[in-house]
Each structure stands twice: as C-alpha cells, then as structure tokens.
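One structure below.
On a predicted model such as this, the values are computed, not experimentally measured, just so you know. Any value given below was found using the heavy atoms of this structure, including those in side chains, with hydrogens, waters and symmetry copies removed.
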Amino acid sequence: HMLGAAFTAAATSVPSWAAGLESGNHIGGLIAAVLAPTGGFGKLLLVLLSLTAPSACTIGMYSTCTSFMTIHRVFSRLPRLVIAILSTAM
C-alpha cells in the first residue's frame with residue numbers, strides 16, 4: 001500500500017506516470033507507466049499482478065457464500081458459484 005501511495009504522489013512530477021494515472025482513478029495505467037521502462041519484463045509483471053489480484057478475494061467470497069447459506073434454506077439450495085457472482089457484482 002505504501003508503494004502505491006508513493007507512486008501516486010510522485011505521479012504529479014513524472015509526466016508519463018501522470019498520463020498513466022489519468023484522472024486519478026486508473027491505478028492499472030499508473031503501474032503500467034511505472035513498469036514501462038523495463039520493457040517486456042514489465043508486461044510480464046503486469047500479467048502476473050492481474051492474475052494474483054482475484055485470488056486475494058477468494059477467501060472473502062467463500063466466507064460470503066457460506067454465510068448466505070446459513071441465513072435461509074433458499075440460499076442453501078443455490079450453488080456457491082451463483083452467490084459468489086452475485087456478491088461480487090454488488
């Protein structure tokens with residue numbers, strides 16, 4: 001988190017980083033701009049980063065699914081996948 005805050009704070013003084021950040025809501029563009037000088041290795045790191053982000057959410061989604069199943073019998077009949085998709089969409 002601190003590294004991301006440092007990149008965001010420094011984006012105002014580095015033009016390519018500011019372009020990547022756009023209006024302040026495009027963190028992926030900022031990371032891509034920071035890693036751009038590394039070439040293909042930076043693109044590899046972006047792919048790996050994008051694949052690891054969803055896995056950090058799986059524990060919370062599984063907990064949400066099991067919690068919904070204990071609320072009412074209707075939820076226990078739904079597959080966990082459906083509950084996970086709905087809880088992610090909201």
Side-chain angles (χ1 to χ4, degrees):
H1 295 287
M2 294 303 292
L3 189 59
F7 286 152
T8 305
T12 57
S13 60
V14 181
S16 63
W17 293 9
L21 188 59
E22 292 178 7
S23 63
N25 295 326
H26 198 259
I27 300 301
L30 174 63
I31 295 171
V34 170
L35 294 174
T38 62
F41 181 68
K43 290 181 182 181
L44 174 69
L45 290 177
L46 282 174
V47 169
L48 292 176
L49 181 64
S50 67
L51 292 175
T52 59
S55 66
C57 299
T58 56
I59 296 169
M61 289 300 107
Y62 184 79
S63 175
T64 301
C65 294
T66 56
S67 296
F68 266 96
M69 293 177 154
T70 60
I71 293 173
H72 197 274
R73 278 184 257 178
V74 174
F75 293 120
S76 65
R77 294 183 183 139
L78 289 172
R80 288 184 190 159
L81 178 65
V82 172
I83 298 172
I85 291 171
L86 290 175
S87 65
T88 305
M90 295 180 166

- Message: If I compare all heavy atoms of S16 with all of A33, which pair ends up nearest, and what's the gap?
- Response: O-CB, 3.5 Å

- Residues in side chain to side chain contact (heavy atoms under 4.5 Å, CB included) with T12, at least two apart? none

- Query: Quick one: CD on E22 to CD1 on I27, what's the gap to the nearest 0.5 Å?
  - Reply: 11.0 Å

- Message: Applying side chain to side chain contact (heavy atoms under 4.5 Å, CB included), can you list everything that pairs with A11, at least two apart in sequence or on another chain?
- Response: W17, L21, L30

- Message: Can you list everything that forms a side chain to side chain contact (heavy atoms under 4.5 Å, CB included) with I71? Sequence neighbours excluded, please.
- Response: F68, F75

Per-pair distances, 0.1 Å, donor-acceptor, side chain in residues 39-48, under 3.5 Å, sequence neighbours excluded:
none

- Minimal non-hydrogen separation, P37 against V34, with atom names: CD-O, 3.3 Å

